[in-house]
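Here is how names work: the chains are called A, B, and so on, in the same order as the sequence lines, proteins then strands, and each is numbered from 1.
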Amino acid sequence: LCSLRIHRKTFLFHFRNLRWALGRHNTFLCYQVDRKEPASSALASQVLLETHLHAELCFLYWLHDYPVLFPSQHLHITWYVSWSPCCDCAEQVSAFLASHANVSLTIYAARLYYFWRTEYQEGLRKLQQEGARVRFKHCWENFVYPHDGRPLRPWKRLFNNCHFQANKLQKILQ
DNA sequence: ATTTTCAAT
Ligand SMILES: [Zn+2]
């Protein structure tokens, strides 16, 4: 399933960075692909929601088929994901990055997925080793409709939980 | 400090 934008209500449920994010049984992946730095005129930009395949792998298949990946040209990929990649996806994405030196990836996550499990932690370290950057940032401005040009009204503990996730990640990566 | 989360019923 894919679309160009994510509805406000869906965003507010799935990208809410709660510590106990009950019932988020899907992962949304909003991607943007640029030649250099992320710009307003991206080469491609879309929202993925997959039920059978994890969204990250779905992205890799998309990228494989989309005529944008050339060895001679740099490509910057930006993801906004509601859950950070699982250990299997992290492995596959790391392998992809390892074999494509011209591709860089920035992942903006709402929440870390199963961050207390060692194999998931290892996945995040592999991503880092292959140059992927994981940060915590929402996609309100670039992917959500309708937002009528207004900034996101922060929910309770948005900033606290951002720091919580960032601290967890820092401990995992060090 | 803890948690149950790309479900499994
Ligand atoms: Zn996965």
Roughly how many Å is it from CH2 in A:Trp83 to P in B:dT3, rounded to a whole number? 14 Å

Remember a base hit wins even if backbone is also touched, and classify A:Leu22 as base, sugar-phosphate or nothing at under 4.0 Å, heavy atoms. sugar-phosphate

With sequence neighbours left out, write down each residue that passes side chain to side chain contact (heavy atoms under 4.5 Å, CB included) with A:Ala109, or none if nothing qualifies. A:Val81, A:Ser84, A:Phe136

Given A:Val93, A:Leu48, A:Val134, the one that forms side chain to side chain contact (heavy atoms under 4.5 Å, CB included) with A:Trp79: A:Val93

Using only atom types and a distance under 3.5 Å, with no angle test, would you say the side chain of A:Arg5 pairs donor to acceptor with the backbone of A:Val47? no

From the list A:His76, A:Gln32, A:Arg135, A:Lys137, side-chain hydrogen bond (donor to acceptor under 3.5 Å, both in side chains) with A:Thr106 holds only for A:His76

Would you say that more than 12 heavy atoms from the other residues, nucleotides or ligands in this model lie under 6.0 Å from the CZ of A:Arg157, or not? no

Distance check needed: B:dC6 C1' versus A:Tyr113 OH, whole Å only. 5 Å

Could you give the CD-to-C1' distance, from A:Gln121 to B:dT3, as a whole number of Å? 13 Å

Euclidean distance for P, B:dT3 against B:dA7 (whole angstrom): 22 Å

Below 30° counts as parallel, above 60° as perpendicular, anything between as tilted: where do the rings of A:His100 and A:Phe96 land? parallel

All N/O pairs under 3.5 Å across the protein-nucleotides 7-9 of chain B interface:
residue : atom : partner : partner atom : Å
B:dA7   : N7   : A:His25 : NE2          : 3.3

If I take atom CH2 in residue A:Trp116 and atom P in nucleotide B:dT2, what distance separates them, rounded to the nearest angstrom? 12 Å

On DNA chain B, more 5' by nearest nucleotide between A:Lys168 and A:Cys89 is A:Lys168

A:Asp88 CG - B:dC6 P separation (whole Å): 13 Å

Given the structure, check if the side chain of A:Tyr114 and the base of B:dT4 hold any donor-acceptor pair shorter than 3.5 Å. yes

Rounded to whole angstrom units, what separation is found between the CG atom of A:Leu18 and the P atom of B:dT4? 12 Å

Minimum-distance nucleotide to A:Arg19 side chain [options: B:dA1, B:dT3, B:dC6]: B:dA1

Could you state the atom-to-atom distance from CD1 of A:Ile172 to C1' of B:dT3 in whole Å? 13 Å

So A:Phe164, base contact, sugar-phosphate only, or nothing? Heavy-atom distance under 4.0 Å. base

Integer angstrom distance from the C1' of B:dA8 to that of B:dT4: 13 Å

Hey, what's the ring geometry for A:Phe11 with A:His138, parallel, tilted or perpendicular (30° and 60° as the breaks)? perpendicular

Using atom CD of A:Glu91 as one end and atom C1' of B:dC6 as the other, report the distance to the nearest whole Å. 17 Å

Taking the P atom in each of B:dT5 and B:dT9, what is the distance between them to the nearest angstrom? 14 Å

Would you mind classifying the nucleic acid contact of A:Phe28 as base, sugar-phosphate or nothing, using non-hydrogen atoms under 4.0 angstrom? nothing

